[in-house]
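Data block below; observations after.
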Number of protein chains: 2
Amino acid sequence: MRNRTYTADAAPGDEVTVAGWVHEIRDLGGIAFLILRDKTGQIQIKFEKDDMDEDLVETGLGVSRESVLSVTGTVAEEPRAPTGVEVTPSEVEVIAAADTELPLDPSGKVDAEISTRLNNRTLDLRKPEVKAIFEIRAEIQRAARETFRNHDCTEINTPKIVATGTEGGTELFPITYFGEEAFMNQSPQLFKQLMAGSGLERVFEIGPIFRAEEHNTPRHLNEATSIDFEGAFCDHTEAMDVAEAVVKAAYEAVAENCEAQLEAIGLAEEFEVPDGDFPRLSYEEAIERINATGKLDEQLVWGDDLPTEGEVALGEDVGEHYFITDWPSEIKPFYIMDHEDDEQLSTGFDLMHPRMELVSGGQREHRYEHLIAGFEQQGLDPEAFDYYTKMFKYGMPPHAGFGLGGERLVMTILGLDNIREAVLFPRDRQRLSP
Amino acid sequence: MRNRTYTADAAPGDEVTVAGWVHEIRDLGGIAFLILRDKTGQIQIKFEKDDMDEDLVETGLGVSRESVLSVTGTVAEEPRAPTGVEVTPSEVEVIAAADTELPLDPSGKVDAEISTRLNNRTLDLRKPEVKAIFEIRAEIQRAARETFRNHDCTEINTPKIVATGTEGGTELFPITYFGEEAFMNQSPQLFKQLMAGSGLERVFEIGPIFRAEEHNTPRHLNEATSIDFEGAFCDHTEAMDVAEAVVKAAYEAVAENCEAQLEAIGLAEEFEVPDGDFPRLSYEEAIERINATGKLDEQLVWGDDLPTEGEVALGEDVGEHYFITDWPSEIKPFYIMDHEDDEQLSTGFDLMHPRMELVSGGQREHRYEHLIAGFEQQGLDPEAFDYYTKMFKYGMPPHAGFGLGGERLVMTILGLDNIREAVLFPRDRQRLSP
């Protein structure tokens, strides 16, 4: 709109117009430096007070930090400037003056509480290290989509307003839908399975899911992004292959395409792409190995869910990412298929990271009678899910899939402490706005 | 899972295992043909009854249509077969038998009502011409994302559960959020603007929006996919450039990468990528030209909204896609900026297709006082939008953006009659399930 040259593009000798935010003003008396910041970086604007038009100096140095300025001038080399160049201005325009009191300091000199930061995300995302998280998040989604396409999947969008939840009525947010009761969907599970049985066969979705869980922890959200896969003629081992490919592709894409962002976060040195295959341990092997570490107060027995300390101990033992397979059927949802030769053992799997579960998946029950029995065992009325179950009578192929937590993936890749760091506007029990 | 060779990969001389759905069985007496279908196409399985194991013949020809079979056998050339090859089976396994009565016929020989089709999407999407729509839809989204990235945009995900709607309380679905009243978001408008003011500067989102409109037409949905852009330091002409680039990229991607799908829909011959720049007409010029066509019963006057017949008449005059700019301020939302030299005239624009509006956008009001005044003129309490308005005090750059209807784009590109054809599981006044 203003013949704007991005600050990063300003080269010695150019006459440029750069626009951005006032990051800092250093007034040294006869000379003053204004650092202008935009998404591409920072540039130094030099004011030599005695040699310049008084109005111009006053306009440029009279603004408060985070105001938006447009500066026209000539670029010259200056080794001491942040980018090795500086602009001597011939014209300065204040595009948007900022209040002198800011609720948080984007230069990062003053730390802010997470709640202050979330209340003022616009300012918070002017910090390069925060902006970098969301640029990386976008790159992770791009890489995930590309990987799914390379695995012959079609991207789908399933409805978020639904008549019934995936696993019944708990943990659902109720909506009033033209006078009828409806819910916000807690998972695309049933819809993606319906599509695996369609001519699309292999599908993926990256979209919001909604869970009315009362958890309030650094790793739970009430609205999250789910990365879902479902494939016809797949079993659980192939679903694990796809999950592993997506997670690895995310790391690789970040390593390859987000160098500047890793630098901004301070991870450029230590960032590592996972090496080799992710180990796949059966649940039985997992509890044995956890017990053998001696790090739990009580020994685990068959049927126990794995406690967090157990998962951490196992991670130290086998590597950062590992699958746990062959879970006891009773701890897995009814739509997960059991092994043919042992119905106590499910084909369910989890992809673990020492900090939390990343992926949950398995081969699905595609046999109509078994599925109906599963609903009943779960205490659910199969009639309410008729729209789903009846399709299993019309040639439903064996199929498998998984759900991968989008924010958890960002969080573990970047080592973030709180899942709220990985989402622009988190929703939790206390937070509904902005 | 079963050493499955896709039907499309079966080559003469190969010993293959192919799996898929029974598309058709033609029994000619001594010889019978079973057509097996999967996502890659169809393959002919030949049963020579007298020369083959009786059980094998019985299994293969005894199944009902749409059952899932796995067939192992030898591939041979057969010019009369649909793909030029056929398989003589040595083994046939019924993986999932289908009921003999199907609610709709995926071979497409019997037409079905749209409501029957939507109730049975799994079967409906086994029709190549329906599956093709959703493969094209996925390709359009891929192309849109790539175009936005080429325009320096970062993909974002904004919350769908919100405390206040974009334009107040009408047309919002209410949710109960841990005992508090909340809503499903009708547009990412306010959030994407907050991000244009952040260090990300240029953002896009492709996600669900929810509108409790009572419309029940072939071009309205209550849950739709919105393709949103917002850019700092952009004016409305640059936002139009981006919108035009995205729409054209969608057509180009379909032309380039979806030949088989266009074939399946019957559009391969006639499909055309828009040629040249989209004309940009001012609102004033638009009403003059519509009036000049003489196709309306009453002449339009300044301030009128454009009736559909007017839009169609104009499309015939200027071309399939065209922008209308410089709308009267009073018909555009309060967050759209007026022209600096004429506050009756807004920077709002629409991208029209003769069949419907595709895009709506404009430069946004970034001046705090003007924005607050806008809320008040709209009868909205600015206090309720404090989380949004206060960021305009901290250096909000000029910015512009648009929203593009995801389903409308698919619908106009493919010439679909009903928007429900462009979404897997539509939500409308009558339809909440599946």
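Numbered from 1 within each chain, the chains take letters A, B, ... in sequence-line order. All heavy atoms count here, side chains included; hydrogens, waters and symmetry mates do not. All of these numbers come straight from a predicted model, not from anything done at the bench.
Contacts between B/Arg149 and chain A at a heavy-atom distance below 4.5 Å involve the side chain alone, from C-beta outward. Both the backbone and the side chain of B/Arg429 have a heavy atom closer than 4.5 Å to some heavy atom of chain A. For A/Glu223, the part sitting under 4.5 Å from any heavy atom of chain B is the side chain, from C-beta outward, and nothing else. Using a 4.5 Å cut-off between heavy atoms, B/Lys127 makes no contact with chain A at all. For A/Glu66, the parts lying under 4.5 angstrom from a heavy atom of chain B are both the backbone and the side chain. Using a 4.5 Å cut-off between heavy atoms, B/Glu181 touches chain A through its backbone atoms (N, CA, C, O) alone. For chain B, no part of A/Tyr388 is nearby; none of its heavy atoms comes within less than 4.5 Å. Proximity to chain B (any heavy atom under 4.5 Å) is shown, for A/Pro174, by both the backbone and the side chain. For A/Asp386, no part lies near chain B; criterion is any non-hydrogen pair under 4.5 Å. For B/Glu213, the part lying near chain A is the backbone, with the side chain staying farther off; criterion is any non-hydrogen pair under 4.5 Å. Of the two parts of A/Phe204, neither the backbone nor the side chain holds a non-hydrogen atom closer than 4.5 Å to a non-hydrogen atom of chain B. Within the 4.5 angstrom heavy-atom criterion, only side-chain atoms of A/Arg137, from C-beta onward, approach chain B. Only the side chain of B/Pro208 has a heavy atom closer than 4.5 Å to any heavy atom of chain A. Neither the backbone nor the side chain of A/Glu205 comes within contact range of chain B, judged by heavy atoms closer than 4.5 Å. If you measure heavy-atom distances from B/Asp241 to chain A, you find no contacts under 4.5 Å at all. Contact of A/Asp38 with chain B is made through backbone and side chain together, with heavy-atom distances under 4.5 Å.
Contacts with chain A were tallied for B/Arg121, B/Met195, B/Arg202; B/Met195 has the most, counting heavy-atom pairs under 4.5 Å. The most heavy-atom pairs under 4.5 Å with chain B, out of A/Val94, A/Leu102, A/Asn157, come from A/Asn157. Ranked by heavy-atom pairs under 4.5 Å with chain A, the first of B/Arg145, B/Arg65, B/Met396 is B/Arg145. Note on B/Glu135, B/Met184, B/His366: by heavy-atom pairs under 4.5 Å with chain A, the leading option is B/Met184. Among the candidates A/Val22, A/Leu69, A/Val423, A/Asn120, the residue making the largest number of heavy-atom pairs closer than 4.5 Å to chain B is A/Asn120. With chain A as the partner, the residue from B/Ala96, B/Pro106, B/Gly179 showing the most heavy-atom pairs under 4.5 Å is B/Ala96. No other option in B/Asn222, B/Ile161, B/Ile206, B/Leu194 has as many heavy-atom pairs under 4.5 Å with chain A as B/Ile161. In terms of heavy-atom pairs under 4.5 Å with chain A, the best-connected choice from B/Ala97, B/Gly406, B/Pro159 is B/Pro159. When each of A/Tyr368, A/Phe191, A/Phe210, A/Phe392 is scored by its heavy-atom pairs under 4.5 Å with chain B, the top score falls to A/Phe191.
Here the side chains of B/Gln430 and A/Phe178 are not in contact, with every heavy-atom distance at 4.5 Å or above. Counting heavy atoms from C-beta outward, B/Glu155 and A/Gln141 have side chains that approach closer than 4.5 Å. Between B/Pro397 and A/Ile95 the shortest side-chain heavy-atom distance does not fall below 4.5 Å. Counting only heavy atoms from C-beta outward, the side chains of A/Ser67 and B/Tyr394 never approach each other to under 4.5 Å.
Ion pairing between A/Glu146 and B/Arg142 fails under the 4.0 Å rule for side-chain N and carboxylate O. Using a cutoff of 4.0 Å between basic side-chain nitrogens and carboxylate oxygens, A/Glu201 and B/Arg4 are scored as salt-bridged.
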Checking side-chain contact (heavy atoms from CB on, under 4.5 Å) for the pair B/Ile156/A/Phe134: CA distance, chi angles, key distance, verdict?
CA-CA 8 Å; B/Ile156 59 171; A/Phe134 291 94; 6.0 Å; no
Stepwise side-chain contact (heavy atoms from CB on, under 4.5 Å) test for A/Gln193 and B/Thr122:
CA-CA 9 Å; A/Gln193 286 190 257; B/Thr122 300; over 6 Å; no
side-chain contact (heavy atoms from CB on, under 4.5 Å), that's the test. Do A/Leu200 and B/Lys39 meet it? Break it down for me.
CA-CA 6 Å; A/Leu200 296 174; B/Lys39 74 178 279 183; over 6 Å; no
Start with the C-alpha distance between A/Glu139 and B/Thr154, add both sets of side-chain angles, then the distance that settles side-chain contact (heavy atoms from CB on, under 4.5 Å), and finish with yes or no.
CA-CA 9 Å; A/Glu139 176 61 13; B/Thr154 304; over 6 Å; no
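When atom types are taken as modelled, the side chain of B/Arg427 and the backbone of A/Val162 share no donor-acceptor pair closer than 3.5 angstrom. The main-chain N or O of A/Gly197 is found under 3.5 Å from a side-chain atom of B/Arg126 such that the two form a donor-acceptor pair.
Within 6.0 Å of CD in B/Glu101 there are 12 or fewer heavy atoms belonging to other residues, nucleotides or ligands.
Taking the six-membered ring where the residue is Trp, B/Phe173 and A/Tyr177 present parallel rings, their angle staying beneath 30° rather than reaching 60°.
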